[in-house]
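Heads up, the thing below is written out as structure tokens.
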Number of protein chains: 2
Amino acid sequence: MTLGLTLDTSASQQISSATLEIIEPNDPAPGVEGPHRLIAGDNLAALDALREQAVAVHLVYLDPPFYTQRVHHRTKRKRNQRTGRLERSQAPAFDDRWPSLASYLAELHKRISRLRELLTPDGCAIIHVDPTTSHYVKVMCDQVFGPECFASEIVWRYRRWPAKTKNFQRVHDVLLRYQRDPKQTPRFEQLYEPLAPSTRATWGDTKQLADFDSDGRRIRSTRTSEPSPGTPLGDVWEIGVIAPVAKERTGYPTQKPEALVKRVVQACSHPGDLVLDPYLGSGTTMVVAAAEKRRAIGIDCSSEAIEVTCKRLQDRGVPFQHERVVPEPA
Amino acid sequence: MTLGLTLDTSASQQISSATLEIIEPNDPAPGVEGPHRLIAGDNLAALDALREQAVAVHLVYLDPPFYTQRVHHRTKRKRNQRTGRLERSQAPAFDDRWPSLASYLAELHKRISRLRELLTPDGCAIIHVDPTTSHYVKVMCDQVFGPECFASEIVWRYRRWPAKTKNFQRVHDVLLRYQRDPKQTPRFEQLYEPLAPSTRATWGDTKQLADFDSDGRRIRSTRTSEPSPGTPLGDVWEIGVIAPVAKERTGYPTQKPEALVKRVVQACSHPGDLVLDPYLGSGTTMVVAAAEKRRAIGIDCSSEAIEVTCKRLQDRGVPFQHERVVPEPA
DNA sequence: GCAGTTAATGAATCGCATG
DNA sequence: CCATGCGATTCATTAACTG
């Protein structure tokens, strides 16, 4: 028995020779290495072009389609001038239908193989999936990175309306984190979360100190007066989904909360670093990277995605360079 | 590329012909179908023997070794009579070292294939793993049950002493739930968890009701006066690990909290049902099943496990039948 | 201004109607 | 009869409004 399925990855190695054409240039701020780049077009070709440009990224966050076998739509709202009523229109944003799980994984494999090569040795990639595909994606990623490069399975726990089902409500997504080189000290900024209520009740808000007797045996810990920053952040994150009426909501489907991406960016990169998102969607990664003083490259083939992101970056006053993938004739 | 690894499962089909010998019989309580059964010996042979007996179980919970590549020890505490000091001794409990991940999965595959056949059509199996092996185990289980039988990835989130690492703290385990037959209405008892604070603040403790106007358009929801039981239980469970000094602690390694197993038992079985645990360990499943008025079968090959469980059941006044696997000469 | 109240609505799943 | 689609369900959350 082979585990599950066989992927044809022979095509994974063929490098395309597309180039990136600058539609609207933008000069980086003084002292910064380059501008934010928004790239419209196929991410596979774009990644090859970035390799040609010897781009080195510190963090990749990718939120690929989840193998839902559905087309996802963008919702636009408009107030009807005559009636004064809010009206909604729908436009297809991306197509998540696949012939098979194997074909889905094969396409993802190509992208992840290339992403890996763009990473700095201390960089990492974070792949956002859901618990119906996460296991297959993890096994596939172990092949790309090596199992020893697997760093974390992060669980994003959210709250939402209940579904009518004789099963436990599905209320989590999964983020797989891989390091490029496990021998390097990873680029990692320690974040903290609040102490558990039981800990605060017993120990207050100051650090505990483990104590040992003369035989090296553990004895009762002592309270210190040094304030505790909280407990080091775990791999289960409770962050709300974007509320239906929140200002943050763009109408782009599958939009992820800024709070989630912000945590990824803060923990896995430093200010000035380069962050890449090859499935940009509504542009959350670029918005967050800019706010956190990182430099961002975002890629998406959906014109709806590019439109939403452009608008969002402009609204925030984030300057960026707009580019386009140009396939090279063979 | 094949995904990860190839398992030799040809041996999985060979059914052994072991029998179960009753060491100490026990009559079931009146009106109950049979006694709790504690079976010492290899679980593979025991499962074959249970099949011979046409045993049908409603729920399987299994907590197999996690592929830690270590031997795990039981800690015994004793007060030294002369010095009055607490002294700890260690005895090997189980060996979790494997030649390869493939061999680990192959052994688990054999057990899970047999477990599946013992399940009632509306029954389910819950496999407790950790996030370093869960993905491979899920892919393997998809082969045994069929991917459409996968019901839930349950995340057990616990709190513990932080480790010093340049990574997110690992604070979760994974429980994979599979149904025997997805066309059957699953045996599932709806449990609830408290409403989110924001919901209570806005809506109070009563149910909301969606409203629609005459055109079928959504209008504002109304408050009802019917009290809400809470929100249907999700697939992320926050349950504390057993504290190092808790009464519940037996000294057996990898012991799981009763609260965790209780939730599994309450949600996935009814009173009077038969619950099976082929990696019994400290006996938590039998203790919880008995307390929840379910009937239990526990199997373990470790004499330390059997000893701990016997003591624990006796301390709780739970009567049980003690049996032993007797390999049949070929 | 601030706090408390009210309004608006996403989207998972089941069950039933429809083709 | 099987596939498809739509209606019903109902927490969770923030924005807007009100006193």
Side-chain angles (χ1 to χ4, degrees), chain A residues 65-80 84-90 92-94 96-97 130-133 156-173 237-260 281-282 284 308, chain B residues 122 148 150-154 177 179 182-186 188 190-236:
Chain A
F66 282 5
Y67 191 67
T68 56
Q69 299 290 22
R70 280 173 22 206
V71 178
H72 294 257
H73 296 266
R74 173 182 170 199
T75 306
K76 290 184 196 180
R77 272 160 220 247
K78 234 182 186 172
R79 195 167 291 277
N80 185 308
R85 258 182 144 158
L86 259 184
E87 287 181 349
R88 291 180 301 174
S89 64
Q90 299 249 309
F94 66 93
D96 187 18
R97 293 173 301 180
D130 83 1
T132 62
T133 51
W156 171 33
R157 192 255 207 264
Y158 46 83
R159 292 173 188 276
R160 57 159 174 77
W161 66 97
K164 203 176 181 179
T165 175
K166 281 182 103 55
N167 193 4
F168 303 106
Q169 303 285 326
R170 220 173 62 56
V171 290
H172 78 277
D173 280 8
W237 299 354
E238 192 154 345
I239 294 175
V241 288
I242 305 168
V245 293
K247 272 200 188 132
E248 188 183 334
R249 193 173 273 268
T250 60
Y252 195 86
T254 73
Q255 186 186 350
K256 299 301 178 292
E258 290 183 24
L260 177 75
S282 59
T284 307
V308 168
Chain B
D122 63 351
E148 68 284 1
F150 178 64
S152 290
E153 174 178 84
I154 298 160
R177 188 166 90 91
Q179 293 171 229
K183 285 172 191 155
Q184 295 272 329
T185 304
F188 187 78
Q190 184 64 64
L191 303 181
Y192 296 89
E193 53 186 315
L195 296 175
S198 72
T199 304
R200 293 192 55 195
T202 314
W203 295 92
D205 290 316
T206 55
K207 287 186 180 181
Q208 302 169 37
L209 189 67
D211 279 331
F212 300 85
D213 69 12
S214 51
D215 300 347
R217 213 186 300 255
R218 177 81 177 274
I219 56 171
R220 77 166 183 287
S221 303
T222 48
R223 267 170 215 256
T224 68
S225 58
E226 198 185 340
S228 166
T231 190
L233 185 62
D235 58 7
V236 179

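Letters A, B, ... mirror the listed sequences (proteins, then strands); counts begin at 1. Side-chain atoms are counted along with the backbone in the values below, which use heavy atoms only and exclude waters and symmetry mates.
Here the side chains of A/F66 and A/D173 are in contact, with some heavy-atom distance below 4.5 Å. Taking 4.5 Å as the limit, every side-chain heavy atom of A/R70 sits out of range of all side-chain heavy atoms of A/D96. Side-chain contact between A/Q90 and A/T75 is present, with heavy atoms from C-beta onward closer than 4.5 Å. Under the 4.5 Å side-chain criterion, counting only non-hydrogen atoms from C-beta, B/S228 is not in contact with B/D205.
Note: CZ (A/R157) to C1' (D/dA12) measures 12 Å, nearest angstrom. Taking atom CD of residue B/Q208 and atom C1' of nucleotide D/dA12, one finds them 7 Å apart after rounding to whole Å. Across the protein-nucleic acid pair, A/I242 atom CD1 and D/dC11 atom P stand 23 Å apart, rounded to whole Å. The distance between atom CD of A/Q69 and atom P of D/dT4, rounded to the nearest whole Å, is 12 Å.
To the nearest 0.5 Å, the span separating OG1 on A/T284 from OH on A/Y252 amounts to 10.5 Å. Going from atom CD of B/E153 over to atom NE2 of A/H172 covers 4.0 Å, rounded to the nearest 0.5 Å.
The side chain of B/T231 places an N or O atom within less than 4.0 Å of a non-bridging phosphate oxygen (OP1 or OP2) of D/dA12.
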Could you tabulate the donor-acceptor pairs under 3.5 Å formed by side-chain atoms of residues 190-198 of chain B, not counting sequence neighbours?
residue, atom, partner, partner atom, Å
B/E193, OE1, A/R157, NH2, 3.4
B/E193, OE2, B/G234, N, 2.9

Fill in: Contact pattern, 5' to 3', of nucleotides 14-19 of chain D - B, S or - by protein heavy atom under 4.0 Å
BS----
Worksheet item: How does protein contact run along nucleotides 11-18 of chain C, one letter per nucleotide 5' to 3', with B for base contact, S for sugar-phosphate only, - for none, heavy atoms under 4.0 Å?
Response: BBSS----
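B/L195 comes within 4.0 angstrom of the backbone, heavy atoms only, and of no base.
In this structure, the side chain of B/Q179 does not engage the main chain of B/P186 through any donor-acceptor pair within 3.5 Å.
Residues satisfying the salt bridge (charged side-chain N to carboxylate O under 4.0 Å, His left out) criterion with A/R249, sequence neighbours excluded, are absent altogether.
Between A/H72 and A/F94, the ring planes lie parallel to each other; the angle is under 30°, not in the 30° to 60° tilted range.
Screening residues 159-170 of chain A for salt bridge (Lys or Arg N to Asp or Glu O under 4.0 Å) gives A/D130-A/R170, A/R159-A/E238 as the qualifying pairs, with residues at least two apart or on separate chains.
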Worksheet entry | Watson-Crick and G-U pairing of DNA chain C written in dot-bracket, each distance under 3.5 angstrom, with | for inter-strand partners | .|||||||||.||||||||
